[in-house]
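Heads up, the thing below is written out as structure tokens.
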Amino acid sequence: MNESEAFRPEARQPRGFRDRFAGEVAREREMIAALSALAERYGFAPLATPALEYADALGKFLPDEDRPNEGVFAFQDDDEAWLSLRYDHTAPLARLVAQGEAPPARPLRRYAAGPVWRNEKPGPGRFREFLQFDVDTVGSEAMAADAELIAFLAEGLEAVGVPQDGFVVNLSHRKLVAGIMDAAGIPAGEDAAIRAQRLRVLRSIDKLDRLGIEGVRLLLGPGRRDESGDVTPGAGLKDSQIASIEASLGATVAFDAGGELGRTPAGREALADLEEIRLALAALGIGAERVRVTPSVVRGIEYYTGPVFEAELTHEIRGPDGAPMRFGSVASGGRYDDLVMRFTGERVPATGASVGVSRLISALTKAGEAAGAEGPVLVLAMDRAMTADYLAMVAELRGAGIPAELYLGRAGMKAQLKYADRRGSPVAVIQGGDERAKGEVTLKDLKLGAEMARSIEDNRAWREGRPAQETAARGTLVASVRAILARQREGRAP
RNA sequence: GCCGCCUUAGCUCAGUCGGUUAGAGCGCCAGAUUGUGGAUCUGGAGGUCCCCCGUUCGAUCCGGGGAGGCGGUACCA
């Protein structure tokens, strides 16, 4: 192989990993700032954990099985120990509490924000690296703790710009679903076959929102064929059992304590918990219309032991091609009383919730919310010999708190103005030989100019008219730029 | 993972019933306009037709395999 055939890597990203530009990064920061402020008002304190954990600390998933990277990203450290990137903020918290490292006050109330990673197939609003904002209460059995988290999600979604009627929190309880299965006469027990059967039923129920009651019926019974012709095997239940489950799922009236759901011990326990939550939410000022009991909410994460909930946006989101897109829940949580016990054998009740910041931004952006970032004031490089003067100008502007930069490329004036346009610069500062001789600078109001350009057809007239441009004494640079910026802000808020 | 569809210029996509110079629109660069953004006009750059193997005188096109993208489905501790 000669040198011209040297290896060249392909410039590309792993699937599910994204580059984010100014507008989106700004949105992320805003969202995390708003949620942090709210969390602190609720009495949660920040507590951050690292991105990497020992794999066995993260869950029952042991990476030295056949598929070490199933679900998580894992690799071996130089001492052969398996490390995993965290897939949420909750499991690392349980580890930290079990270690005895957490602040001693119980209940412990904390929040955390940051990226988490999941090794799974990406989709719309579903990434392999994404930001989560997490709140937890560790050491409390009170249903009021769960209710507070639901209230936090509801208030948090509003705080980041989702209208009150733009989302709904679906609330369920692990024991509620257990009760539904008990009522349908599906055997319970530790036997592997029995557990597998229960799991199949559980997963079928979970798909109600996506596949509808018809789809669930097929999955509970003989199985279902999808659009592409692929077949999913069913749970093979009897018609009477399917009917019983259907009746329970139908009882989604808000906090309804009657009907099928109250017939089993597990169901009654769940309903008592949910009733406590209902009362707490009312006291916290969260209207019943924003939270509804939805028994089909199961949630995948196995560590949940009690109430589980997820918030979904209610407005249909359409992609660029007009086709509706499914984003799934934008925030979720639940109670995980046994998570710390995995380490210590001691039961520590805990409950937590998190907001999917990346997914939320993705959904809101696709719903039509645009994000445009304003660029810095641009000082044109008219004459390379004057670089020091130009740098002095940007330093003055920066010193006054105005974002500013000197054009550092090699292009001519015309191209520099085009650059300013593309950066979204509000003002261009020009000082060539003419201006310098007179001790002046020329300031172009690029926002105003762009507006005026719309009504001017002829380029010559446009250029000779030199619209939206003024001359200022060099000494008044900062004040003059500030005046233009102020004018622009007023113009934008009519 | 399984199933289906797709992959041609920076982007969106035509096209070649297998034939030597592969196109459009948008974008980009330049000029008209020696120091002025937009519009207009003129010109220009830009392609391993996803990759490998096979069939063929000849493959971007046909066959096989692979990769990547999209969607469905499964899984999601």
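Values below: all heavy atoms of this structure, side chains included; hydrogens, waters and symmetry mates excluded.
Between the base of C76(B) and the side chain of R126(A) there is a donor-acceptor pair shorter than 3.5 Å. Applying the 3.5 Å distance criterion, the base of U36(B) shares a donor-acceptor pair with the side chain of K444(A). The base of U36(B) is not paired with the side chain of K418(A) by any donor and acceptor separated by under 3.5 Å.
Residue contacts shown for D445(A) include a base, since a base heavy atom lies under 4.0 Å away. Within 4.0 Å (heavy atoms only), I430(A) reaches at least one base atom of the nucleic acid. Heavy atoms of R224(A) sit under 4.0 angstrom from primed sugar atoms or phosphate atoms, though from no base atom. Residue contacts for G412(A): at a heavy-atom cut-off of 4.0 Å it reaches no nucleic acid atom on any strand shown. Within the 4.0 angstrom heavy-atom criterion, only backbone atoms of the sugar-phosphate kind lie near L211(A); the bases stay farther away. Nucleic acid contact class of E451(A) (heavy atoms, under 4.0 Å, all strands): none. Using a 4.0 Å heavy-atom distance criterion, Y419(A) is classed as making no nucleic acid contact. Contact annotation for R225(A): no contact, since no heavy-atom pair falls under 4.0 Å across all strands.
Under the rule for a side chain to side chain contact (heavy atoms under 4.5 Å, CB included), the partners of E101(A) that lie at least two apart in sequence or sit in another chain are L96(A), Q99(A). Partners of A270(A) according to the side chain to side chain contact (heavy atoms under 4.5 Å, CB included) rule, which considers only residues two or more places apart in sequence or in another chain, are H173(A), K175(A), L176(A). Checked against side chain to side chain contact (heavy atoms under 4.5 Å, CB included), M341(A) has the following partners two or more places apart in sequence or in another chain: D338(A), R347(A). Residues forming a side chain to side chain contact (heavy atoms under 4.5 Å, CB included) with Q197(A) (at least two apart in sequence, or on another chain): I186(A), R200(A), A235(A), L237(A). In this structure, the salt bridge (Lys or Arg N to Asp or Glu O under 4.0 Å) partners of E470(A), at least two apart in sequence or on a different chain, are R487(A). For F133(A), the ring pair (Phe, Tyr, Trp, His ring centres under 6.0 Å) partners at least two apart in sequence or on another chain are Y111(A).
We find that CZ of F127(A) is positioned 11 Å from P of C70(B), with the value rounded to whole Å. Per the geometry, CZ belonging to R128(A) stands 10 Å off P belonging to G68(B), to the nearest Å. C76(B) atom P lies 16 Å from atom CZ of R359(A), rounded to whole Å. In this structure, L58(A) atom CG and A77(B) atom C1' are separated by 10 Å, rounded to whole Å. Atom CD of E53(A) and atom C1' of A77(B) are 15 Å apart (whole Å). If you measure from atom CG of D209(A) to atom C1' of U73(B), you get 15 Å, rounded to the nearest angstrom. Straight-line distance from the CG atom of L443(A) to the C1' atom of U36(B): 14 Å, rounded to whole Å. The NZ atom of K447(A) sits 15 Å away from the C1' atom of G38(B) (whole-angstrom rounding).
Checked against G37(B), G35(B), G71(B), the side chain of D434(A) finds its nearest nucleotide in G35(B). Of the listed nucleotides (U36(B), G35(B), G69(B)), U36(B) has the atom at the smallest distance from the side chain of Q469(A). The side chain of M413(A) approaches G35(B) more closely than any other nucleotide in the set C76(B), U73(B), G35(B). Among G38(B), A77(B), G72(B), the nucleotide with an atom closest to any side-chain atom of V72(A) is A77(B). Side chain of T442(A), nearest nucleotide from G38(B), C76(B), G35(B): G35(B). Of the candidate nucleotides G37(B), G71(B), C75(B), G37(B) has the atom nearest to the side chain of L446(A).
With P as the reference atom, G58(B) and G19(B) are 14 Å apart, rounded to whole Å. Here, A24(B) and U20(B) have their C1' atoms 23 Å apart, quoted to the whole Å. For A45(B) and A30(B), the C1' atoms lie 10 Å apart once the distance is rounded to whole Å. Remark: the separation of the P atoms in C17(B) and G10(B) is 26 Å, to the nearest Å. As rounded to the nearest Å, C28(B) and G38(B) have P atoms that lie 9 Å from one another. The separation of U73(B) from C13(B), taken at their C1' atoms, amounts to 30 Å, rounded to a whole angstrom. Across U48(B) and A22(B), the matching P atoms stand 13 Å from one another, rounded to whole Å. Taking atom P in both G69(B) and A77(B), one finds a spacing of 24 Å when rounded to whole Å.
The residue among T232(A) and L417(A) whose nearest nucleotide of RNA chain B is located toward the 5' end is L417(A). Ranked by how close their nearest RNA chain B nucleotide is to the 5' end, G16(A) and K207(A) are led by G16(A).
R422(A) has no side-chain polar atom (N or O) that falls below the 4.0 Å cut-off from OP1 or OP2 of G27(B). The shortest distance between the side-chain N/O atoms of R210(A) and the OP1/OP2 oxygens of U73(B) is below 4.0 Å.
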Can you give each donor-acceptor pair under 3.5 Å made by side-chain atoms of residues 402-416 of chain A, sequence neighbours left out, with the distance rounded to 0.1 Å?
from    : atom 1 : to      : atom 2 : distance (Å)
E405(A) : OE1    : R423(A) : NH1    : 2.8
E405(A) : OE2    : Y419(A) : OH     : 2.7
E405(A) : OE2    : R423(A) : NH1    : 3.4
Q416(A) : OE1    : A381(A) : N      : 2.8
Q416(A) : NE2    : A381(A) : O      : 3.0
Q416(A) : NE2    : A411(A) : O      : 3.0

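Around atom CZ of R398(A), more than 12 heavy atoms belonging to other residues, nucleotides or ligands sit under 6.0 Å away.
Remark: aromatic rings of Y303(A) and Y336(A) are close, center separation under 6.0 Å.
Contact record, R299(A) with D206(A): N-OD1, 3.9 Å, taken as the closest heavy-atom pair. Scanning all heavy atoms of the two residues, the minimum distance from V355(A) to A331(A) falls at CA-CB, 4.0 Å.
Taking the centre and axis of the six-membered ring of F127(A), the NZ or CZ atom of R18(A) falls inside the cone set by 45° and 6.0 Å.
With pairs defined as Watson-Crick or G-U wobble and both atom distances under 3.5 Å, the stems of at least three pairs that touch RNA chain B come out as B:1-7 with B:67-73, B:10-13 with B:23-26, B:28-32 with B:40-44, B:50-54 with B:62-66.
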Could you write out each protein N or O paired with an N or O of nucleotides 9-11 of chain B at a distance under 3.5 Å?
none

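Counting heavy atoms from C-beta on, the side chains of R335(A) and Y304(A) never come closer than 4.5 Å.
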